[in-house]
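Read through the structure below, which is laid out as structure tokens, and then see the notes.
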Amino acid sequence: MRFRFLETGAGTAAFNMGLDEAVLESVAAGAAPPTLRFYRWEPRAVSVGYFQGLEEEVDLEACARAGVDVIRRATGGGAVYHAAELTYSIVVPEDHPLVPRDVLESYWILCRGVIEGLGRLGVKADFAPLNDVITGGRKVSGNAQTRKLGCVLQHGTVLLEVDVDEMFGLLKVPQEKLRGKLIEDVKQRVTSVSRELGRTIGYAESLDAFKEGFAVALAAELEPAAPTERELARAAEIAAEKYANPAWNRKR
Amino acid sequence: MTARPDGTGRFVGKIPGGKLLKLDAEYAGGRLARVRIRGDFFAHPEEAFDRVEAALQGVDPADFARLLREAVAREGVIIYGVGVDDMVDAFERASDAIQVP
């Protein structure tokens, strides 16, 4: 099975989400094969799920002060602080043999790339429905999927390091008086690759493990490539029109 | 359903084994002036859920459950992490918790 492999490094939140969508368009149009992409976020960013309220979830002033991008994803799920992590996206036609019609099953299939990659780094992990990957009962990866134009787009993050206090400095909580307890709960429920291994693992160091992991999980030959000029142009358009547009980011 | 005073009621809760659901029900003149359904759930297609939510604005509160179910079926939207019954329950609880301004 043939997959295009893009490693696009650091991008702004709007560009990152725009490129995921541009790749979706080109795979849907038959202009590109199924595609796996790895990337990271510069500046750091908070993304909220499609159905979340932006102002309800995010301390916009704190993000502005810290120079943190804020964006609404095209996918559901919860708020994510994108700092020390590896982010991946997979775009596959819905009729591809790899993708079951059942959404829950397809999460499990596509998350196997994360699990295999973590295994190569020495972190034993499992899938936890609906959309998480856990190790030792703690979440180490969150994943989200949308289906558009006859394709599946799944993107997700692997926490390489996690700073829960820093994250909560950028998020709002439902009840301020319970903030301390919530932070302690999240510290118990979330971990990172670096924490599990007892040493710092950065993005560059993690790339080969996850590339191999996804290749095994997808039974795919990954062909390194760069986004096409058309994709980069569309990514810039989508970024400007949608992801950098308050009408989109504040739609809920 | 008893007549509701004007004001906004809110439900916030994690669905057991599922996701967080936040529902605001704003009443004016005995009608549901505005309902907002938010949370970290998933719905496919996402835009179809927007249309489901839009179909619930300004309706008679007594019709909420029926109209929600009809709109979900009509739009062919599949929701993960939160059930339609959870949304109906959240609506009723929000409506029972109206804060009069």
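Every chain is numbered from 1 and lettered A, B, ... according to where its sequence line falls, protein lines coming before strand lines.
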Between A/Y107 and B/F42, what is the ring plane arrangement, given parallel below 30°, perpendicular above 60°, and tilted in between?
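A/Y107 and B/F42: perpendicular rings.
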Roughly how far, to the nearest 0.5 Å, is [atom2] of [Y] from [atom1] of [X]?
X      : Y      : atom1 : atom2 : answer
B/E46  : A/T146 : CD    : OG1   : 3.0 Å
A/K148 : B/E47  : NZ    : CD    : 4.0 Å
A/N131 : B/K19  : CG    : NZ    : 3.5 Å

Below 4.5 Å from any heavy atom of chain B, which atoms of A/A79 appear? Answer side chain, backbone, both or neither.
neither
Side-chain donor-acceptor pair under 3.5 Å between A/Y50 and B/D50, yes or no?
yes
Verify salt bridge (charged side-chain N to carboxylate O under 4.0 Å, His left out) between B/E53 and A/R252, making sure each step is shown before the conclusion.
CA-CA 11 Å; B/E53 195 180 21; A/R252 282 175 178 273; 2.8 Å; yes
Neighbour count above 12 (heavy atom, 6.0 Å) for B/R34 CZ
no
Does B/H44 reach the main-chain N or O of A/V103 with its side chain, forming a donor-acceptor pair under 3.5 Å?
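Absent.
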Using heavy-atom distances under 4.5 Å, tell me whether B/I37 contacts chain A through its side chain, its backbone, both, or neither.
backbone
For the pair A/F51 and B/D40, evaluate side chain to side chain contact (heavy atoms under 4.5 Å, CB included) and give the outcome as yes or no after the intermediate values.
CA-CA 6 Å; A/F51 299 105; B/D40 59 359; over 6 Å; no
May I ask you to name which of A/E56, A/K251, A/E57, A/Q52 has the most heavy-atom pairs under 4.5 Å with chain B?
A/E56
